[in-house]
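Since this is a predicted model, take the numbers as computed values, not measurements.
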Amino acid sequence: MSEAMLALRDVRRVYETASDPLVVLDGASVELGRGEAVGLVAPSGTGKSTLLHVAGLLERPQSGDVFVDGKACGRLGDAERTAIRRNGIGFVYQFHHLLPEFSALENVMLPCMIAGLSRKEASKRAGDLLERVGLTPRATHRPAKLSGGEQQRVAVARALANGPAVLLADEPTGNLDPGTSDHVFDLLLSMVRERGMSALIATHNVGLARRLDRVVTLQDGKLVSYEDNPT
């Protein structure tokens with residue numbers, strides 16, 4: 001466990017419906033070692049987003065547990081879970097979810113300031129990250145003035161703003177054209193590698209996923225090696 005930056009152990013997640021309970025995760029387990037990037041490939045509706053929400057401490061499982069850097073999070077209070085999520089986990093979604101009234105720089109600064117950095121410190125860190133993703137000339141532009149690929153690159157920079165140990169990405173290039181998708185995926189993966197982060201990346205693009213260290217899929221609520229069940 002000491003080497004696993006993120007681990008899910010026998011996670012079960014069930015949603016109550018008007019008819020029968022909907023079992024989405026049923027004993028799902030996975031470990032990500034330090035610096036390991038894992039692809040999650042599975043059809044829509046099989047529970048990819050739910051898995052990422054549980055892994056990111058946005059939802060609690062009915063049973064099983066989630067470990068972040070060796071710390072069991074299942075029984076922690078909301079404040080502790082929020083602190084781990086804020087400082088230890090970065091999120092990238094299919095849609096960038098940038099705040100439209102703020103510039104690219106300000107969008108990246110926000111997580112830093114929420115974590116307690118001064119405005120000057122946050123601006124410096126955000127500027128460095130935007131330089132890394134090639135957007136220094138666009139730093140003062142609001143999202144509406146950025147292309148789809150540029151918006152997603154800002155979202156990547158924002159996800160890394162607090163230096164998380166774990167990155168969770170839900171279809172991070174799913175809303176982009178193929179050329180832009182490749183570019184953003186390359187950038188995301190290179191930053192994961194150079195920072196030694198552990199990443200779980202859900203994608204429909206098997207070609208992109210196979211560039212990661214390994215690929216898993218969801219089968220009957222459990223995580224299995226993709227080669228065992230090439231969906």
Side-chain angles (χ1 to χ4, degrees), residues 4-8 24-25 28-56 58 89-98 104 108 129-130 132-135 138 143 146-161 164-219 221-231:
M5 294 304 298
L6 173 68
L8 278 68
V24 179
L25 302 176
S29 297
V30 69
E31 288 192 6
L32 276 69
R34 188 180 302 275
E36 185 179 24
V38 176
L40 173 60
V41 177
S44 297
T46 55
K48 294 195 304 296
S49 294
T50 295
L51 180 75
L52 292 172
H53 288 169
V54 171
L58 294 168
I89 304 174
F91 298 88
V92 182
Y93 299 98
Q94 178 175 353
F95 299 99
H96 53 78
H97 298 303
L98 300 176
V108 181
L129 282 165
L130 287 179
R132 178 62 185 82
V133 300
L135 288 178
R138 311 286 280 168
L146 303 175
S147 69
E150 288 172 336
Q151 291 171 344
Q152 200 64 333
R153 283 150 63 193
V154 175
V156 169
R158 180 183 58 187
L160 304 182
V166 174
L167 179 74
L168 302 174
D170 193 356
E171 300 289 349
T173 62
N175 198 40
L176 305 174
D177 65 78
T180 305
S181 173
D182 283 346
H183 178 68
V184 171
F185 196 87
D186 283 342
L187 176 67
L188 179 64
L189 186 55
S190 67
M191 294 189 76
V192 166
R193 300 291 194 209
E194 71 184 35
R195 290 166 181 264
M197 301 167 63
S198 298
L200 181 60
I201 303 174
T203 177
H204 281 105
N205 190 321
V206 177
L208 294 179
R210 289 199 180 279
R211 289 157 56 186
L212 304 177
D213 296 312
R214 57 189 169 99
V215 182
V216 296
T217 190
L218 278 163
Q219 181 179 359
K222 293 179 172 59
L223 281 162
V224 298
S225 169
Y226 184 83
E227 287 74 14
D228 293 340
N229 179 33
T231 306

(request) Dump the intermediate steps for side-chain contact (heavy atoms from CB on, under 4.5 Å) on Val41 and Arg210, then the final yes or no. (result) CA-CA 10 Å; Val41 177; Arg210 289 199 180 279; over 6 Å; no
(message) Within this structure, what is the CG-CG distance for the pair Asp182 and Leu187, rounded to the nearest 0.5 Å?
(response) 12.5 Å
(message) Return the CD to CG distance between Glu171 and Leu52, rounded to the nearest 0.5 Å.
(response) 9.5 Å
(message) Quick check: do Leu146 and Arg153 have side-chain heavy atoms less than 4.5 Å from each other?
(response) no
(message) To the closest 0.5 Å, what do you measure between CD (Gln152) and CZ (Arg158)?
(response) 8.5 Å
(request) Could you note down all residue pairs passing salt bridge (charged side-chain N to carboxylate O under 4.0 Å, His left out) where residues 192-209 supplies at least one of them, sequence neighbours left out? (result) Arg132-Glu194, Arg193-Asp213
(request) Would you indicate whether the side-chain heavy atoms of Leu160 and Met197 approach each other to under 4.5 Å? (result) yes
(request) Identify the two heavy atoms, one from Leu130 and one from Ala104, that lie closest to each other, and give their separation to 0.1 Å. (result) CD1-C, 4.0 Å
(request) Write down the atom of Pro172, the atom of Ala202, and the distance for their closest heavy-atom approach. (result) CD-O, 3.5 Å
(request) Kindly indicate whether the side chain of Glu36, heavy atoms from C-beta on, has any atom under 4.5 Å from the side chain of Met5. (result) no
(message) For Thr173, run the side-chain contact (heavy atoms from CB on, under 4.5 Å) check against Leu188, Asn205, Val184 and tell me which one passes.
(response) Val184
(request) Could you tell me whether the side chain of Leu32 reaches within less than 4.5 Å of the side chain of Leu200, counting heavy atoms only? (result) yes
(request) Determine the minimum heavy-atom distance between Val92 and Ala155, stating which atoms define it. (result) CG2-O, 4.3 Å
(message) Please give me the minimum heavy-atom distance between Leu51 and Leu8, naming the atom from each residue.
(response) CD1-CD2, 3.4 Å
(request) To the nearest 0.5 Å, tell me how far Ile201 CD1 sits from Leu167 CG. (result) 6.0 Å
(message) Measuring only between side-chain heavy atoms, which start at C-beta, is Leu6 closer than 4.5 Å to Val30?
(response) no
(request) Locate the shortest heavy-atom distance separating Leu135 from Val154; write the atom from each residue and the value. (result) CD1-CG2, 3.5 Å
(request) Sequence neighbours left out, what passes ring pair (Phe, Tyr, Trp, His ring centres under 6.0 Å) with Phe91? Give chain and number order. (result) none
(request) Could you tell me whether a side-chain N or O of Lys48 sits under 3.5 Å from a main-chain N or O of Leu40, the two making a donor and an acceptor? (result) no
(request) For Ser198 and Gly33, work out which heavy atoms get closest and say how close. (result) OG-O, 2.5 Å
(request) Report the distance from atom OG1 of Thr50 to atom CG of Asp170, rounding to the nearest 0.5 Å. (result) 9.5 Å
(message) Quick check: do Val38 and Leu212 have side-chain heavy atoms less than 4.5 Å from each other?
(response) no
(request) State, yes or no, whether a side-chain contact exists between Leu218 and Leu223 at a heavy-atom distance under 4.5 Å. (result) yes
(request) Using the test ring pair (Phe, Tyr, Trp, His ring centres under 6.0 Å), find all partners of His204 that sit at least two apart in sequence or belong to another chain. (result) none
